[in-house]
K.L.:
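Please see the structure below; I have some questions.
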Number of protein chains: 4
Amino acid sequence: MRGKLREKIHTVVFESDTAAGKAFDVALITLILLSVLTVLLESVASLRERYGAALHVLEWTFTIVFTIEYLLRLYCVQRPLAYARSFFGVVDLMACLPMYLNFFIPGAHSLIVVRSLRLLRIFRVFKLSHYFQEGQVIVQALRASRYKILVFLFSILIVVIISGSLMYLVEGPASGFKDIPVSLYWSVVTMTTVGYGDIAPRTPLGQFLASLLMIVGYSIIAVPTGIVTSEFTRLRGITRNACPVCGAEGHDPDALHCKFCGGRL
Amino acid sequence: MRGKLREKIHTVVFESDTAAGKAFDVALITLILLSVLTVLLESVASLRERYGAALHVLEWTFTIVFTIEYLLRLYCVQRPLAYARSFFGVVDLMACLPMYLNFFIPGAHSLIVVRSLRLLRIFRVFKLSHYFQEGQVIVQALRASRYKILVFLFSILIVVIISGSLMYLVEGPASGFKDIPVSLYWSVVTMTTVGYGDIAPRTPLGQFLASLLMIVGYSIIAVPTGIVTSEFTRLRGITRNACPVCGAEGHDPDALHCKFCGGRL
Amino acid sequence: MRGKLREKIHTVVFESDTAAGKAFDVALITLILLSVLTVLLESVASLRERYGAALHVLEWTFTIVFTIEYLLRLYCVQRPLAYARSFFGVVDLMACLPMYLNFFIPGAHSLIVVRSLRLLRIFRVFKLSHYFQEGQVIVQALRASRYKILVFLFSILIVVIISGSLMYLVEGPASGFKDIPVSLYWSVVTMTTVGYGDIAPRTPLGQFLASLLMIVGYSIIAVPTGIVTSEFTRLRGITRNACPVCGAEGHDPDALHCKFCGGRL
Amino acid sequence: MRGKLREKIHTVVFESDTAAGKAFDVALITLILLSVLTVLLESVASLRERYGAALHVLEWTFTIVFTIEYLLRLYCVQRPLAYARSFFGVVDLMACLPMYLNFFIPGAHSLIVVRSLRLLRIFRVFKLSHYFQEGQVIVQALRASRYKILVFLFSILIVVIISGSLMYLVEGPASGFKDIPVSLYWSVVTMTTVGYGDIAPRTPLGQFLASLLMIVGYSIIAVPTGIVTSEFTRLRGITRNACPVCGAEGHDPDALHCKFCGGRL
């Protein structure tokens, strides 16, 4: 009988096919959204002064609910350790922990916003298979181009180190380049075209070098874009029409024979 | 006879095939441009002081003309409710309303700039079918990639929430991160590479985390670009014609013979 | 005999096949670069104080040389009017004019930097046909997508007008949004992700609306990129291999028959 | 026997197939990373005050080790001059030089960060052939589009010169446009959408012109992206294998049969 209760909880908590399961999931997502909103509002000084106590109570309520939910999940799954180690298991734990950590490290409770990661469940709940599938395509495109992207990031790193140090030498502390780490930060801010302006070159030579760096940063954005785009185009090609003989997919629109079994399409 | 007048008005107001209809449309677009310009100029303090009265009269004149035009449209269409609910119907109404609302909410009249949406008629008036068709392709490409784009925006949202809260913890009010909502705003400003600089990290750790966020923001712009580009490429491919002999698709728009069987297209 | 002199001048001034013509062109480009550099240096206060007189003499020397060159060109071409109206004819004239205009409008001589447009001759001089051809491809790709790009710019214009006016209402003069034209300027600065930070929203609502605008601006950069990229991909496809029967180009790499004459490739 | 020692050193220093060679390379990369880190930390004022002496000793130690390594490399290669002139030869020399230069030019030792270029060896050491191959594809794509990119950069240069000078005339020193070189710097900052905000237009006309420049800058980023993307797409197409039966190219990497004749690939 206890096993049956466990199974029942499992259906409600982990699945969303039944009415109870779906209601549970919708309630959960609403709670997550509300709890993130609470943390946001609690951080605003004027609101904290007025409604501080109420918001604090709310935060604890959400945390206790999420803790109970986490324990329920641990209780009803067949292999608790596997769940605890899975991506969502870790996220679920981290959704409760910061509030308790707050006793030891003041301010840590702001980390509860990690709860927002739990929103990823949204795709499962509403059976948004469309979204999920498309998300898969994006992930696949990024994975297929991971080597190229890493090479790209590594090259950027080297450009950042060299240009940052050069600017430190050229501009010096007077323009805000007070040490090399700050100059590297400036380099990233400039290459990515963010450009805060808190640190900016003032000498003619510094401005000239910065201009070169900007044009480099502006131009090489073409590289990751080119990589990912050609990957998307390829992935689209692969998911095209199926062979009537062997059922294999991925034929070009102009193919006359199946490229796997040779059968006429 | 009244029905005839109505039909006549309809031809002038809604169609642009006749000389009168075209003249009406050109006059309307000129009026829209002038009225938007009036609102712009009226907001400039120095001009308002000198020409305030004249500009105010102009604004009211335009509003009355547009109100009459709106009533005429309502009068001469066969199904007024359908028009009133259509996109252009709502826009036409909103082009008049703010001026009257001004009696109740001071400053509301600036909303008349919604009138600029009426300029979309420009494409219909000048029979800019080319433009219209190309606009369709853009809309189609965006619609086809709507799931991917939503997944992308959702992921950005989660990154913004987590990175913003983290920066609030790391930097604190001293650097301008006075609460989490402001930190989220900073996150968006940074990830989209806008970078105002009104809020900027000052601690080494904050600058390091911000650098990571920038590189993420800079790199993932490749994702929407890749999605939309591959969609454009596909749409172009689809509009190629099929061979009447062998049925193969994928011919260039300038092909005279099928590239597979050599049959005349 | 006079006609012969004219022809000789024409060969030297307009063509770059002969040694004299090439020398003339190289000298001309050097002069253009030096004259642009002179204007740049002359604008720097510290240099103007010290070398003002010398730089002024240099500017006049360049201008007189370019004026003589312009008159020579007018003299030796068969149809002076056609030359004077051509792109390079207008640029050549504008390279001299600002200096003389300076007598009437002080400061106008800075416009001589229009001379830099004359540098476009560089592609002709060094027979950089490679560059020229590639430039053609870029121009062709942009021309083919001109309708889409105009629709895109028109949509941006409407978004800028509406979002700018909305921000003027929400933020008001306190945050720097002193009138609608300035707010439109802010809108462009934000949508294009430039983000100077001289004007920035301060109210929570304004920051929220600005965040939306940023994400829109960040996302829709995918549209022109998608348009131009798919155009480049198509243009590349068109310039592929030629048919051995009719010589037509533009076949796909996998075509078996010429799509124009049906002959086997 | 001396030749044998030389050969042995060569194996250890230049190759990474043997255990000793691999250990040497890993140690080298660790040293490079540590030495770059030392320079970074040494530049921070607070750390320099406390640990200045220790960091200085570390810097010298690394430099001496790298100098010995450089001399060893020179000693054991068969053609020292060829090595000294090669890319890595120059980098290896520049990794030692700045420290010695410091005796003559104070501050020059910061240039040691050029050492970070030595990290490029990382790809060779860990036999990251995947990365290397992908890096090749990126380089190949950039090389194939070099003419287009140069034409693009040249056009940007002319736009920068003309728009910068125009803004100098329109805005003048009051808004920070103190001379034309600074205005050119502003132009680059704006066109690349970096937007520091240290210099920003204040007059309505200046803000209007700046808006146009921003939209141009925002739109033409599509050009390099389009160029590089279509190149990536083409390179992918080229690396598809040809059919041994009919010779047709353009098969997917996972195809087993020719899609045109059905023959086994």
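To find a chain, count down the sequence lines: A is the first, B the second, and so on, and within it residues start at 1.
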K.L.:
For chain D, find which of C/Ala45, C/Gly217, C/Gly197, C/Pro181 contributes the most heavy-atom pairs closer than 4.5 angstrom.
P.N.:
C/Gly217
K.L.:
More than 12 heavy atoms of other residues, nucleotides or ligands under 6.0 Å from OH of C/Tyr51: yes or no?
P.N.:
no
K.L.:
Using non-hydrogen atoms only, which part of C/Leu153 is less than 4.5 Å away from chain D: side chain, backbone, both, or neither?
P.N.:
side chain
K.L.:
Hey, which of D/Val182, D/Leu169, D/Ile180 is the one that makes side chain to side chain contact (heavy atoms under 4.5 Å, CB included) with C/Ser43?
P.N.:
D/Ile180
K.L.:
Given heavy-atom pairs under 4.5 angstrom as the criterion, report whether the side chain, backbone, both or neither of C/Leu184 touches chain D.
P.N.:
neither
K.L.:
Tell me whether the count of non-hydrogen atoms from other residues, nucleotides or ligands lying under 6.0 Å of CZ in D/Phe88 goes above 12.
P.N.:
yes
K.L.:
Measure across C/Tyr196 and D/Ile199 and return the closest heavy-atom pair with its distance rounded to 0.1 Å.
P.N.:
CE2-O, 4.1 Å
K.L.:
If we only count heavy atoms from C-beta on, is the C/Trp186 to D/Gln207 side-chain gap below 4.5 Å?
P.N.:
no
K.L.:
Taking D/Gly195, D/Gly164, D/Pro204 one by one, which has the highest count of heavy-atom pairs under 4.5 Å against chain C?
P.N.:
D/Gly195
K.L.:
CG of C/Leu157 to CD1 of D/Ile215: how many Å apart, nearest 0.5 Å?
P.N.:
7.5 Å
K.L.:
How close do C/Ile156 and D/Tyr218 get, heavy atom to heavy atom, and via which atoms?
P.N.:
CD1-CE2, 4.3 Å
K.L.:
If we check side chain to side chain contact (heavy atoms under 4.5 Å, CB included) with C/Val194, which of these qualifies: D/Val194, D/Thr193, D/Val189?
P.N.:
D/Thr193
K.L.:
Please look at D/Pro201 and chain C and tell me whether the side chain, the backbone, both or neither of the residue comes under 4.5 angstrom of a heavy atom of that chain.
P.N.:
both
